[in-house]
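Structure, as structure tokens:
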Amino acid sequence: MTQAQRERLDKVRMFVLDMDGTIYLGDTLFPFTKDFLRRVKETGRDFCFFTNNSSKNRQAYLEKLNRMEISIPPEKMLISNGVILQWLGQHHPGARCYVLGTPSLLEDFRQAGFPQDEENPDVVVLGFDTTLTYEKLRKACDFIRAGKPVYGVNPDFNCPVENGFIPDCGSIAALVKASTGVQCSFFGKPSRHTLEYMLQQTGCAPEELAVVGDRLYTDIAVADGTPVLSVLVMSGETTPELLEKSDVKPDLVMKNLAELASFL
């Protein structure tokens with residue numbers, strides 16, 4: 001690590017940690033995760049989590065972390081669902097939505113005051129829908145062709161699981177674009193909406209924030225060109241070959257959270 005990198009790391013007060021591929025893989029917690037979290041606290045810093053995975057809601061993630069014996073207050077569990085819901089509340093208050101999503105995502109929208117409308121919605125929202133059916137897809141495409149604005153909760157093409165990857169929201173959006181010709185606007189990492197959300201929710205200045213994750217085009221790109229420190233961990237999706245070819249480069253590259261902990 002260079003002196004300049006060390007100085008940037010020393011300024012960090014809050015680590016925003018990705019989840020899949022960073023602290024766990026599927027339902028398996030990495031053996032070094034708890035030691036890293038403990039080290040963060042020992043050095044007077046703090047951490048929170050942010051996931052792009054819009055197939056679940058905050059409560060589901062809090063319960064999953066609790067099963068892994070990681071207990072955090074709800075405000076430390078940030079999720080892409082919250083980013084788009086905050087933005088919709090500012091730009092489409094009370095909009096009737098057709099959401100391509102799981103029951104958890106639909107419940108988040110309902111609680112935020114955006115009812116599901118399967119007949120004449122104001123906007124279409126594409127999520128990471130592990131309950132996707134052809135009929136749901138057909139309806140979404142029909143509404144989009146009719147001119148309804150469309151938004152994607154997160155741009156990830158794949159979600160890492162224990163035995164590989166499964167198609168994520170970005171892949172669903174690519175299918176919709178192939179059918180309709182319309183590219184949705186994305187939220188979640190790496191959108192600037194998300195970076196603003198992270199800073200707002202943590203109360204940190206940009207140079208006090210570090211975003212840690214395993215994906216170049218989401219976790220690392222969200223901080224690109226800003227004073228926010230980006231830390232790539234090689235415990236998930238990114239391979240050395242992908243890193244070499246990428247136009248987006250992290251500020252720091254670590255094998256995993258254990259290596260990052262050794263520098264704190």
Side-chain angles (χ1 to χ4, degrees), residues 8-20 22-23 37 40-41 44-62 65 70-95 97 99 101 104-105 107-114 123 125 127-128 149 151-156 169 184-213 215 217-232 248 250-252:
R8 289 194 66 186
L9 183 59
D10 286 346
K11 291 179 182 177
V12 171
R13 304 262 58 84
M14 174 72 72
F15 291 93
V16 182
L17 302 168
D18 177 53
M19 301 184 77
D20 262 318
T22 300
I23 68 165
L37 300 180
V40 168
K41 288 292 192 178
R45 300 172 170 93
D46 205 350
F47 64 85
C48 64
F49 299 106
F50 187 104
T51 179
N52 261 8
N53 189 333
S54 56
S55 69
K56 300 180 178 69
N57 58 19
R58 172 183 279 177
Q59 186 57 37
Y61 278 108
L62 290 171
L65 288 170
I70 298 175
S71 297
I72 58 169
E75 61 270 18
K76 286 194 175 183
M77 183 64 249
L78 310 180
I79 188 169
S80 57
N81 303 6
V83 181
I84 189 171
L85 286 169
Q86 183 181 80
W87 187 88
L88 286 172
Q90 295 166 350
H91 296 86
H92 296 280
C97 300
V99 182
S104 294
L105 183 60
E107 179 62 16
D108 272 4
F109 271 73
R110 187 192 67 79
Q111 290 187 8
F114 297 100
V123 301
V125 177
F128 175 20
Y151 305 107
V153 184
N154 61 292
D156 307 63
C169 182
C184 68
S185 299
F186 282 114
F187 292 78
K189 296 174 287 190
S191 78
R192 283 295 177 257
H193 301 298
T194 289
L195 188 59
E196 292 167 5
Y197 185 81
M198 288 176 175
L199 293 168
Q200 178 193 69
Q201 295 295 312
T202 62
C204 288
E207 62 273 11
E208 296 175 325
L209 202 69
V211 178
V212 185
R215 293 184 182 182
Y217 67 95
T218 56
D219 303 316
I220 303 309
V222 74
D224 194 38
T226 78
V228 174
L229 185 71
S230 62
V231 183
L232 177 70
V248 177
D251 298 310
L252 294 175

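Each residue takes its place number in the sequence, starting with 1. Given the structure is predicted, the values throughout are model-derived calculations rather than measurements.
Between F187 and H193, the angle of the ring planes stays under 30°, which puts this pair in the parallel group of the 30/60° scheme.
The backbone N or O of L105 sits nowhere less than 3.5 Å from a side-chain atom of R110 that would complete a donor-acceptor pair. Between the side chain of R58 and the backbone N or O of P74, at least one donor-acceptor pair lies under 3.5 Å. Between the side chain of S54 and the backbone N or O of F128, at least one donor-acceptor pair lies under 3.5 Å. Put simply, the side chain of D18 never gets that close to the backbone of N52: no donor and acceptor are under 3.5 Å apart. Counting only distance, with no hydrogens or angles, the side chain of R45 and the backbone of F15 share no donor-acceptor pair below 3.5 Å.
Atom CD1 of I220 and atom CG of L232 lie 4.5 Å apart (nearest 0.5 Å). We find the OG1-CD distance between T202 and E208 to be 8.5 Å, quoted to the nearest 0.5 Å. The CG atom of N53 sits 7.0 Å away from the CG atom of N154 when rounded to the nearest 0.5 Å. Here the straight-line distance linking atom NZ of K189 with atom CG of D219 works out to 4.0 Å at 0.5 Å rounding. From L199, atom CG reaches atom OG1 of T226 across 8.0 Å, with rounding to the nearest 0.5 Å.
Ring centroids of H91 and Y151 are separated by 6.0 Å or more, keeping the two rings apart.
Taking the side chain as every heavy atom from C-beta outward, V228 and V16 never approach each other to under 4.5 Å. For the pair D46/K76, a side-chain contact is recorded, criterion being any heavy-atom separation below 4.5 Å from C-beta on. Looking at C169 and S55, their side chains never come closer than 4.5 Å, going by heavy atoms from C-beta outward. At a threshold of 4.5 Å between non-hydrogen side-chain atoms, the residues T51 and M77 count as touching. Annotation: side chain of P155 is in contact with side chain of T218 (closest heavy-atom distance under 4.5 Å). No side-chain heavy atom of F114 sits under 4.5 Å from any side-chain heavy atom of V125.
Residues meeting the salt bridge (charged side-chain N to carboxylate O under 4.0 Å, His left out) test with D108, sequence neighbours left out: none.
Applying the 6.0 Å contact sphere to NZ of K11 captures no more than 12 heavy atoms from other residues, nucleotides or ligands.
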Check against side-chain contact (heavy atoms from CB on, under 4.5 Å), F50 and C48: CA-CA 7 Å; F50 187 104; C48 64; over 6 Å; no
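A salt bridge links R8 to D251: one of the charged nitrogens lies within less than 4.0 Å of a carboxylate oxygen.
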